Amino acid sequence: MSKRILFVCLGNICRSPSAHAVTRSLAPDWTVDSAGTSDWHVGEPPYGPMQAAARARGIAMDDLRARQFHADDFDLFDLIVAMDADNLARIESQRPAGNATPVRLFTDFDGVGAGDHVPDPYYTRDFDGCLDLIETCARGLIETD
Ligand code: 4NP
């Protein structure tokens, strides 16, 4: 079954575009998008060091541009996946009345319940560790389909 999945982080230049690019490469029949809860980087491509780390493992995301999460997204996707609890709360605060679209943490799909968030490499500078976790969670998400 194909699915419509939206990944959401804060800036939409590191974690969610990476999740977007990894998931579309693993599940090409799914509709995948990403967004940020902030408007800080709207229109920008993913962060250069994030792109470079992804490119080194064969994952392209240079076509992506940041956009802000919008309440309409609740009606456009089957599942919304947040990178951390802060962003999940920001998403939930915009839920339209009567909408029942699930919003989950990406780490819910890590297979072991090891973490509660995807650490932000914009601050940690651990772009490879971020991609490792994203690849694990993306595979878990696809397997639960
Ligand atoms: P992201 O990381 O939420 O994974 O895209 C960030 C990128 C930029 C900023 C914060 C987080 N910033 O403060 O500009």
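Both counts, for ligands and for their atoms, begin at 1 and track the order of listing. As the structure is a prediction and not an experimental result, all values here were calculated from the model.
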Exercise for the section: Could you check atom 12 (N) of ligand 1 against the protein and tell me its nearest heavy-atom contact, residue, atom and distance included? Expected result: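 Looking only at protein heavy atoms, the one closest to atom 12 (N) of ligand 1 is Y122 CE2, 3.4 Å.
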Practice task
Starting from atom 6 (C) of ligand 1, find the nearest protein heavy-atom neighbour and note its residue, name and distance.
Solution key: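 In this structure, atom 6 (C) of ligand 1 has D120 OD2, 3.4 Å as its nearest protein heavy atom.
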Problem - Between N12 and S34, a side-chain donor and acceptor under 3.5 Å - result: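 Result is yes, a qualifying pair exists.
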Taking all heavy atoms of [X] and all of [Y], pick out the closest pair and write down the distance.
X    : Y    : result
I13  : A66  : CG2-CB, 4.2 Å
D116 : L105 : O-CD1, 3.6 Å
R15  : P119 : CD-O, 3.8 Å

Practice task
Applying ring pair (Phe, Tyr, Trp, His ring centres under 6.0 Å), run through F69 and F74 and close with a yes or a no.
Solution key: CA-CA 10 Å; F69 179 82; F74 276 99; 5.7 Å; yes
Under 4.0 Å from a heavy atom of [X]: give me the atoms of ligand 1 that qualify, with their elements.
X   : answer
I13 : 5 (O), 7 (C), 8 (C)
G11 : 1 (P), 3 (O), 5 (O)
C14 : 1 (P), 2 (O), 4 (O), 5 (O)
W40 : 12 (N), 13 (O), 14 (O)

Exercise for the section: May I ask you to identify, for L10, whether its side chain, its backbone, both or neither come under 4.0 Å of ligand 1 on a heavy-atom basis? Expected result: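 The answer is both.
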Exercise for the section: Would you mind telling me if ligand 1 is within reach of the side chain of Y123, the backbone, both or neither, using heavy atoms under 4.0 Å? Expected result: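 Just the side chain.
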Practice task
Could you check T136 against D110 for side-chain hydrogen bond (donor to acceptor under 3.5 Å, both in side chains), going step by step and ending with a plain yes or no?
Solution key: CA-CA 6 Å; T136 297; D110 71 1; over 6 Å; no
Practice task
State, yes or no, whether a side-chain contact exists between T31 and K3 at a heavy-atom distance under 4.5 Å.
Solution key: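 No, too far: nothing below the 4.5 Å cut-off.
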Exercise for the section: With atom 4 (O) of ligand 1 as the reference point, say which of R15, E44, H41 has the nearest heavy atom. Expected result: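 Shortest heavy-atom distance from atom 4 (O) of ligand 1: R15.
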